[in-house]
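Only heavy atoms go into these numbers, but all of them, side chains included; no hydrogens, no water, no symmetry mates. Throughout, protein chains are lettered first and strands after them, A, B, ... in sequence-line order, and every chain is numbered starting at 1. It should be emphasised that the depicted structure is a prediction, and the values quoted were computed from it without experimental measurement.
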Protein chains: 2
Amino acid sequence: MLSLHQLTCFLAAYEHGSLTAAAEELGYAQPSVSEQIRSLEKSLGVPLFRRVGRGVVPTTVADTLRPHAERVLAAVEEAQESVRRVKSFETGTIRFGMFGTARLYAGAGLVADVLTRYPGVRVELIGQNSTDVQEDLRRGRIEAAMIAVPQVDSEGFEITPVARDELVYISRDPARLESPVTAHRLSLASLVMPEATWRSDDSTRRVLRQMLHETGRNPQTRIEVEDVETAVELVGMGYADSVIPKGAALQLLPRLAPGAGWVSLRPRQYDTFAIVHRAGATLSPAARLMIDLATARIQEIADPL
Amino acid sequence: MLSLHQLTCFLAAYEHGSLTAAAEELGYAQPSVSEQIRSLEKSLGVPLFRRVGRGVVPTTVADTLRPHAERVLAAVEEAQESVRRVKSFETGTIRFGMFGTARLYAGAGLVADVLTRYPGVRVELIGQNSTDVQEDLRRGRIEAAMIAVPQVDSEGFEITPVARDELVYISRDPARLESPVTAHRLSLASLVMPEATWRSDDSTRRVLRQMLHETGRNPQTRIEVEDVETAVELVGMGYADSVIPKGAALQLLPRLAPGAGWVSLRPRQYDTFAIVHRAGATLSPAARLMIDLATARIQEIADPL
DNA sequence: GAGATCTTATAGGTCATGCCTTGGGTTTCA
DNA sequence: TGAAACCCAAGGCATGACCTATAAGATCTC
């Protein structure tokens, strides 16, 4: 079997016209190079050098082989270089999981952070909601993610909470914002909720269901929409009220629902954001980078833990 | 140190998404492939796969590495293929030594023989005279040669005579061709000799010197020229006579000196042509081919031995 | 020519590596 | 929950890489 080692020795011998000089350049003893050349000749079935007392002389076969050998070693160099560049974030792709509403906290800003520091990289933020992200993690498609607890099946995962954010009630009616909203009042409200928010495994939904469970009622979902922005816009138009994380409210209300405001629930409820990855995994540099940046971003808006 | 084996295993694992399947394809046990991947990851300093219970999932670094790995292996394939083609004479260069006048016997025809059988090869016929060829052999620049004995320093060389050719006297004067030329008559003649022919080591010169030595005279070299053709042309013009191998005479006289003829020496003298190569050398297929073809060519004109 | 020098080949020994088999742990699927 | 698939770990064997020391061949010099 042909090996890179053989080719390296071959090239050194070719250039020096001497196995001894080649060995010296490569830092080996002379018999080692001799052995490599001999094994290469054997595996090719053709002599590559004529031994002529003072040094070696390449045969025409060696002349033919040389450029190919150089190409092989150059390709190896390029391969290693490409990996090195990926390691130092000069290029390559960084893939990171992130549940739906998290992009409001860290989405575009996180991508910007990465691209500012490492202009050459590609960034992929994967996942519309926590469930998908969890599946991607389990399947190994992504290495780590920012996710909303507590809905994660913690078996097999390592979860590091980094921030929590209060869930607030938003409405265009100032009267409904005068005092914190109790479970009872919430159960009577007409709500617009982003669809993703109401998926069975979603953390916000669990929190609210738990809260409403005490009143013996189900939440009155009047409208279901796809994403938070739409929900907020509808609140701004006065069609319904909603419950969203406070960070999202602060960010979206001025822009999408200028006439609306927010108020806490009573008792206060929280979404917790956490970094999650497979248990026992050793994280790649890229993953650690994303974790750090995402954590910083989210802690600017939500409360650090 | 990175190895081709690692890259092979890496690609197989990448394509199958499974070390077991990769091992099966490569004909190894699964732990062997696992070990190769691990060592590759270690040498690169980056994980290439995430182990996720059922199979392995490539990381983005693996995505980056893959095309480079394929390029490396392709280059190796090409290198081996190029050598294979040279071995089977589909391409490459064949270098063969040949002393000056030998090209009259086998030069163009020999090249034609090779090119007819193996259209892709390059042919290099090296050497203007035997001395140069001998030096090239000693230095390893050429592997084997067709050469004129007896002037070869036989130490270190293996010499196989293949043909001999009579030395004949050529002249435009029919009177001088009526009977074989004796040493005495030769010593009185005014001769044109190709320069190479009169070099101190040349076989023809030695033969003639030996012959003339008996008469106690030196040869009368009236004109010295570079090559045989010029000498023959001068003979054709009647400026002088010459002594050349009979094969050369038969080939050149009709073309270059239509009015001239030839006659034997008395006693007859001979040049011997032989295949020569370094003693103990194992000849490459290309050298063997050239030896066979050159021998056949020269034996068509000179007398086989 | 004879000796000094340079170079390659060989021999023998050590150590690392590749590969295998066996066994254990984890995930997935029925 | 059991079975199957798959990966990792450990131990053992064989091969290969590398070394030192030495022999053998070729070249150069005096």
Side-chain angles (χ1 to χ4, degrees), chain A residues 1-10 12-14 16-43 47-58 134-135 137-141 153 155-158 278-282, chain B residues 1-10 12-13 16-43 47-58 134-135 137-141 153-158 278-282:
Chain A
M1 186 54 192
L2 195 139
S3 79
L4 295 178
H5 215 139
Q6 291 170 339
L7 295 182
T8 307
C9 292
F10 164 73
Y14 188 102
H16 288 88
S18 155
L19 302 190
T20 302
E24 191 171 352
E25 177 194 314
L26 298 174
Y28 294 130
Q30 169 266 318
S32 304
V33 175
S34 179
E35 184 177 345
Q36 291 302 315
I37 300 292
R38 193 167 30 245
S39 73
L40 178 58
E41 289 175 327
K42 184 182 169 190
S43 85
L48 294 170
F49 296 97
R50 274 185 290 278
R51 279 69 169 176
V52 293
R54 184 64 58 106
V56 293
V57 177
Q134 183 176 338
E135 182 68 7
L137 279 171
R138 217 169 51 84
R139 300 279 181 187
R141 224 173 83 74
D153 255 359
E155 307 150 22
F157 290 110
E158 204 166 310
R278 300 171 63 87
T282 56
Chain B
M1 185 55 191
L2 195 139
S3 79
L4 294 178
H5 215 140
Q6 292 170 342
L7 295 183
T8 307
C9 292
F10 164 72
H16 288 89
S18 153
L19 302 191
T20 302
E24 190 171 352
E25 177 193 315
L26 298 174
Y28 295 130
Q30 170 268 318
S32 304
V33 175
S34 178
E35 186 176 346
Q36 292 301 316
I37 300 292
R38 193 166 32 242
S39 73
L40 178 59
E41 289 175 328
K42 184 181 170 189
S43 84
L48 294 169
F49 295 97
R50 275 186 288 279
R51 278 70 169 175
V52 292
R54 183 65 58 104
V56 292
V57 177
Q134 184 176 336
E135 184 68 8
L137 279 170
R138 216 171 50 85
R139 300 280 179 187
R141 225 174 81 74
D153 256 359
S154 58
E155 306 152 22
F157 290 111
E158 204 166 311
R278 299 171 63 87
T282 55

Undergrad: Nearest-Å distance, CE (A/M1) to C1' (C/dC19)?
TA: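 Rounded to the whole Å, the gap is 15 Å.
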
Undergrad: Figure out the NE2/P separation between A/H5 and C/dA16, and round it to whole Å.
TA: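 A/H5 atom NE2 is separated from C/dA16 atom P by 16 Å.
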
Undergrad: What is the distance, to the nearest angstrom, from the CG atom on A/L137 to the P atom on C/dT27?
TA: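 Those two atoms, CG and P, are 14 Å apart.
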
Undergrad: Under 3.5 Å, which N/O atoms of the protein pair with N/O atoms of nucleotides 6-8 of chain C?
TA:
unit_1, atom_1, unit_2, atom_2, d
C/dT7, O3', A/G55, N, 3.4
C/dT8, OP1, A/L19, N, 2.4
C/dT8, OP2, A/T20, N, 2.8
C/dT8, OP2, A/T20, OG1, 2.3

Undergrad: Who passes side chain to side chain donor-acceptor pair (under 3.5 Å) against A/S18, sequence neighbours left out?
TA: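 Counting only residues at least two positions away or on another chain, A/S18 forms no side chain to side chain donor-acceptor pair (under 3.5 Å).
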
Undergrad: Please name all residues satisfying side chain to side chain donor-acceptor pair (under 3.5 Å) with A/T8, sequence neighbours left out, ordered by chain then number.
TA: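 Side chain to side chain donor-acceptor pair (under 3.5 Å) check on A/T8 returns nothing, list empty.
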
Undergrad: Under the rule for side-chain contact (heavy atoms from CB on, under 4.5 Å), what residues qualify as partners of B/E35, not counting sequence neighbours?
TA: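 In terms of side-chain contact (heavy atoms from CB on, under 4.5 Å), with neighbours along the sequence ignored, B/E35 is linked to B/R38.
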
Undergrad: Using five pairs at either end of the helix from C/dG1-D/dC30 to C/dA30-D/dT1, determine the angle between the two local helix axes and round it to 10 degrees.
TA: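 Answer for the end axes of this duplex: 30°.
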
Undergrad: Rounded to whole angstroms, how far apart are CD on B/E24 and C1' on C/dC20?
TA: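 So the CD-C1' distance, B/E24 to C/dC20, works out to 16 Å.
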
Undergrad: Could you tell me which residues satisfy salt bridge (Lys or Arg N to Asp or Glu O under 4.0 Å) with B/R278, sequence neighbours excluded, listed by chain and number?
TA: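 Not a single residue meets the salt bridge (Lys or Arg N to Asp or Glu O under 4.0 Å) criterion with B/R278.
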
Undergrad: Using side chain to side chain donor-acceptor pair (under 3.5 Å) as the criterion, list what pairs up with A/Q36, not counting sequence neighbours.
TA: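 Testing A/Q36 for side chain to side chain donor-acceptor pair (under 3.5 Å), a comparison that skips the adjacent residues, returns none.
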
Undergrad: Please give, in whole Å, the distance from C/dT10 P to A/I37 CD1?
TA: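 In whole Å, C/dT10 P lies 15 Å from A/I37 CD1.
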
Undergrad: Rounded to whole angstroms, how far apart are CZ on B/R38 and C1' on C/dC19?
TA: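 Going from CZ in B/R38 over to C1' in C/dC19 covers 13 Å.
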
Undergrad: Could you tell me whether A/G140 contacts a base, only the sugar-phosphate backbone, or nothing, with contacts defined as non-hydrogen atoms closer than 4.0 Å?
TA: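 If one applies the 4.0 Å heavy-atom cut-off, A/G140 turns out to touch nothing in the nucleic acid.
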
Undergrad: Could you pull out all residues at least two apart from A/H16 that satisfy ring pair (Phe, Tyr, Trp, His ring centres under 6.0 Å)?
TA: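 Counting only residues at least two positions away or on another chain, A/H16 forms no ring pair (Phe, Tyr, Trp, His ring centres under 6.0 Å).
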
Undergrad: Tell me, please, the opening and closing nucleotides of DNA chain D, 5' to 3', among those with an atom under 4.0 angstrom from a non-hydrogen atom of chain A.
TA: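 In short, chain A contacts DNA chain D from D/dA17 to D/dT27.
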
Undergrad: Using whole Å, what does the distance between atom P of nucleotide C/dA9 and atom CZ of A/R50 come to?
TA: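 After rounding, the gap between these two atoms is 14 Å.
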
Undergrad: Measure from the side chain of B/A29, starting at C-beta and using heavy atoms only, and say which of C/dG18, C/dT21, C/dT27 lies closest.
TA: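 Side chain of B/A29 sits closest to C/dT21.
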
Undergrad: Strictly distance-based, threshold 3.5 Å: is any side-chain N or O of A/R51 a donor or acceptor partner for the main-chain N or O of A/V56?
TA: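 The answer is no, because no donor-acceptor pair under 3.5 Å joins these two groups.
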
Undergrad: Can you check the A/R139 CZ to C/dT28 C1' distance for me, whole Å?
TA: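 Result: 8 Å.
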
Undergrad: Identify the two heavy atoms, one from B/Q6 and one from B/S43, that lie closest to each other, and give their separation to 0.1 Å.
TA: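 Nearest pair, atom of B/Q6 first, then B/S43: OE1-OG, 4.4 Å.
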
Undergrad: Which residues pass the side-chain contact (heavy atoms from CB on, under 4.5 Å) test with A/R139, not counting sequence neighbours?
TA: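 So A/R139 forms a side-chain contact (heavy atoms from CB on, under 4.5 Å) with A/E135.
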
Undergrad: State whether the number of non-hydrogen atoms from other residues, nucleotides or ligands found under 6.0 Å of A/E24 atom CD is greater than 12.
TA: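 At most 12 heavy atoms, drawn from other residues, nucleotides or ligands, come within 6.0 Å of this atom.
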
Undergrad: Who pairs with B/A22 by side-chain contact (heavy atoms from CB on, under 4.5 Å), at least two apart in sequence or on another chain?
TA: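 B/A22: side-chain contact (heavy atoms from CB on, under 4.5 Å) contacts with B/A12, B/A13, B/V33.
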
Undergrad: Taking side-chain contact (heavy atoms from CB on, under 4.5 Å) as the test, write out the residues that go with A/P47, two or more places apart.
TA: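 Partners of A/P47 under the side-chain contact (heavy atoms from CB on, under 4.5 Å) test: A/E41.
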
Undergrad: With a non-hydrogen cut-off below 4.0 angstrom, is B/E35 in contact with a base, only sugar-phosphate, or nothing?
TA: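 Base, at least one base heavy atom under 4.0 Å.
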
Undergrad: Heavy-atom nearest nucleotide on DNA chain C for B/V33 versus A/R138: which residue maps closer to 5'?
TA: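 Comparing both residues, the 5'-ward one is B/V33.
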
